[in-house]
Amino acid sequence: MTQRSCAVYGVGIVCAHLLFIGVGLFVAQVFQTVIHNRLKKEITLTEGSSVFETWKNPPPPIFMQYFFFNVTNPDEFLAGAKPFVSQVGPYTYREYRPKENVTFLENGTRVAAYQSKTFVFLPERSVGDPDMDMITTINIPAVAVMNKVKDSFWKSAMVSIWMNSLHLGMFMTHSVNKLLWGFKDPLLSRIHPMNPEIDEYFGLMYKKNGSNDGEFVYNTGEADFMDYGRIARFKGESKLSLWTSKQSNMINGTDGSAFHPLLSKRERLYIFSPDLCRSIFMEFEKDVEVKGLPAYRFTPPRDVLASKDENPANEGFCVSPKECLGSGVLKVSVCRKGAPVVASFPHFYLGEEKYINAIEGLSPVREHHQTYLDLNPTTGVPIRASKKAQINILINRISGFPKTKSLNETIFPVMFINETVVIDDKSAAKLQKLLLMVTLVSNFPLIIVGLGVLLLLVFICLIVCERKLKTTTKEDTSYCPESNKEGDEENVSTYIGITPIIEKS
């Protein structure tokens, strides 16, 4: 066997081994399993992990936008007309939310932390000056007090007299800054000396700048990667005691800032919201791409705030039959000191038409009012997010208060928020490198198969060339010409025959 033949058969053997090994590794998913196990160990809330520092101090900027509903016909509404509101905003603040007092518990399987929130106004991203822009809206302190004392004739009479003497009505007008961060309310100031538990200041975000919601205890994900970032306890409790069913009182999911790696399109993602005093869930909607990074978009479906008739699982959020409202709204007075506060999505998006039609100036649009989370499915890292929620006040006729005599039950919009975050360029570049490495390692068997296929083509070409060479050599060897003796003799005689004879003279 020649050296050429040995080389051809050597290429064939290497090709066969590469194909066999590559296909075997691909079928067994060996490299994919290895890299996935590595991700599960690396993405944990432990000292030194790749995600721990970003979990404690999120690098992407978070923006909080506030939009107000300014009432333009308060007197006509009190006379029986439909209220008309105009949306004013946004007033944008940069939000800082580092984790503080981080402490590891239970052999490192859980970690406790407080999440402090600080807001800094950004005039370049806002429509106006919050100290100068005035908003007319429902007098929330007065409505809360009237609902609190409505069952007592004497207390109702006293509050009614105070309101008249202070010239307080069903509506109030204040600057954006006061409505957000607080002002001294005259009615609450009258009540405070007799009931010190009642704060004399009111604001939609009162005492929330520079404060926290309480201590969270999270699972680190070391024991089970599916538990990464999940809340184990909130304010020392593993469940709530606000609602009427075990399911409604469960603290499910994460705080919305962390999710386990290797996400599936079929799973539900749960998020616990202290503002809503409950957990909500989100489902996969579509594939998206942000800054070149692939992501799954998860959004809350209609079932989350559906009525008990539409979704029986929500019956537990009805503290009493009177507390049960229609689809798209949730009364949260149980965690708002009894105030008739109702939560919804902006402009009653996903809500019943009756709530939208009761207020002139509302127009729910999916693109503007939908809450969503864009998560990278490999790492679970939030790439982009937008949390939207609306604060409403439930108003109706209250006996003992003549100012409410012409009112029908109305869920009145006050303000909605839009909390947004998009991954920063530096974090996006790091994530892209990580995903490239994961892709290369996971697809390494395919690279081996590709090399095997390439060598197979080379092997086939070599075989073809070898056969052609052998055929050519055989033909050259079989052609051996011999001299024609008879012809030679004939030619010689002929030559002699025609040779001229010279006669002698």
Side-chain angles (χ1 to χ4, degrees), residues 66-69 71 82-85 87 89 137-138 140 143 204 242-245 247-248 252 256 268-283 285 297-336 339-373 386-396 407-419:
Y66 298 97
F67 296 82
F68 290 86
F69 293 102
V71 184
K82 184 184 291 189
F84 187 90
V85 298
Q87 179 178 300
T137 187
I138 286 290
I140 301 174
V143 173
L204 295 168
L242 301 171
W243 310 105
T244 60
S245 72
Q247 181 179 352
S248 300
N252 292 324
R268 276 183 173 180
L269 298 182
Y270 284 86
I271 299 172
F272 174 70
S273 172
D275 295 326
L276 293 177
C277 315
R278 60 164 289 187
S279 296
I280 65 170
F281 62 87
M282 307 180 83
E283 295 177 343
E285 181 182 282
R297 172 161 292 185
F298 287 86
T299 60
R302 181 180 169 88
D303 283 350
V304 171
L305 295 181
S307 66
K308 66 173 184 174
D309 298 325
E310 192 173 330
N311 182 10
N314 285 343
E315 186 172 2
F317 296 111
C318 300
V319 178
S320 67
K322 292 183 179 180
E323 305 291 319
C324 282
L325 303 173
S327 291
V329 294
L330 173 68
K331 192 172 183 181
V332 293
S333 55
V334 291
C335 58
R336 290 293 180 270
V341 178
V342 176
S344 70
F345 294 116
H347 288 245
F348 298 114
Y349 171 69
L350 296 182
E352 294 183 16
E353 288 292 327
K354 64 179 181 180
Y355 300 128
I356 303 169
N357 296 333
I359 310 290
E360 289 289 345
L362 299 182
S363 179
V365 179
R366 180 188 185 89
E367 290 75 17
H368 298 155
H369 305 135
Q370 181 188 49
T371 292
Y372 62 83
L373 267 173
S386 178
K387 183 184 80 173
K388 301 180 178 74
Q390 183 169 296
I391 298 173
N392 312 278
I393 298 296
L394 179 63
I395 59 174
N396 48 30
L407 298 181
N408 296 316
E409 184 175 277
T410 305
I411 297 179
F412 212 100
V414 176
M415 176 191 77
F416 78 83
I417 65 168
N418 178 26
E419 189 176 29

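Counting from 1, the numbers follow the sequence of the chain as shown.
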Side-chain donor/acceptor of T244 to backbone N/O of G316, under 3.5 Å: yes

Minimum-distance pair of heavy atoms, taken over all atoms of A358 and P83: O-CD, 3.5 Å

Heavy-atom closest contact (F69 atom, M415 atom, distance): CD1-N, 3.9 Å

ring-ring contact (aromatic ring centres under 6.0 Å, His included) partners for Y270, two or more places apart: F281

S344 side, atom OG; I411 side, atom CD1 - distance, nearest 0.5 Å: 8.0 Å

Shortest non-hydrogen separation from I356 to P364 and the atoms involved: CD1-CG, 3.6 Å

Exercise: identify the closest heavy-atom pair between R302 and S327: NH2-CB, 3.5 Å

Spatial distance of atom CZ (R297) from atom CD (E285) [nearest 0.5 Å]: 6.5 Å

T371 and Y349: CA distance, side-chain angles, deciding distance, side-chain contact (heavy atoms from CB on, under 4.5 Å) verdict: CA-CA 10 Å; T371 292; Y349 171 69; over 6 Å; no

Aromatic plane relationship, H347 with H369 - under 30° parallel, 30 to 60° tilted, over 60° perpendicular: parallel

Side-chain (W243) to main-chain (C277) donor-acceptor, under 3.5 angstrom: yes

Shortest non-hydrogen contact from S279 toward N252: OG-N, 2.9 Å

4.5 Å side-chain heavy-atom contact, R278 and F317: yes

Those residues that, when tested against N418, pass side chain to side chain contact (heavy atoms under 4.5 Å, CB included) (two or more places apart): Q65, F67, S386, K388, T420

Salt bridge flag under 4.0 Å for residues K331 and E409: no

Closest non-hydrogen atom pair between L242 and C335, with its separation: CD1-CB, 4.0 Å

K387 (side chain) donor-acceptor with I417 (main chain) under 3.5 angstrom: no

side-chain contact (heavy atoms from CB on, under 4.5 Å) assessment of E352 paired with E310: CA-CA 11 Å; E352 294 183 16; E310 192 173 330; 5.6 Å; no

Over 12 non-hydrogen atoms of neighbours within 6.0 angstrom of CD in Q247: no

Derivation and outcome, side-chain contact (heavy atoms from CB on, under 4.5 Å), residues I138 and V143: CA-CA 8 Å; I138 286 290; V143 173; 3.8 Å; yes

Interatomic distance, H368 atom NE2 to Q87 atom CD [nearest 0.5 angstrom]: 9.5 Å

side-chain contact (heavy atoms from CB on, under 4.5 Å) between R336 and D275, intermediate numbers included: CA-CA 9 Å; R336 290 293 180 270; D275 295 326; 4.2 Å; yes

Point-to-point distance, once rounded to the nearest 0.5 Å, from CZ of R366 to OH of Y372: 12.0 Å

Y355 side chain to V329 backbone, donor-acceptor under 3.5 Å: no

Distance (rounded to the nearest 0.5 Å) between I280 CD1 and L305 CG: 7.5 Å

Whether over 12 other heavy atoms sit under 6.0 Å from E315 CD: no

Identified side-chain contact (heavy atoms from CB on, under 4.5 Å) partner of I140 from the options L204, I395, V341: L204

Interatomic spacing from CZ in F416 to CZ in F68 - rounded to 0.5 Å: 11.0 Å

Sub-4.5 Å side-chain heavy-atom contact between L325 and V342: yes

Side-chain heavy-atom pair N396, N408 within 4.5 angstrom cut-off: no

N/O donor-acceptor pair under 3.5 Å between N311 side chain and D303 backbone: yes

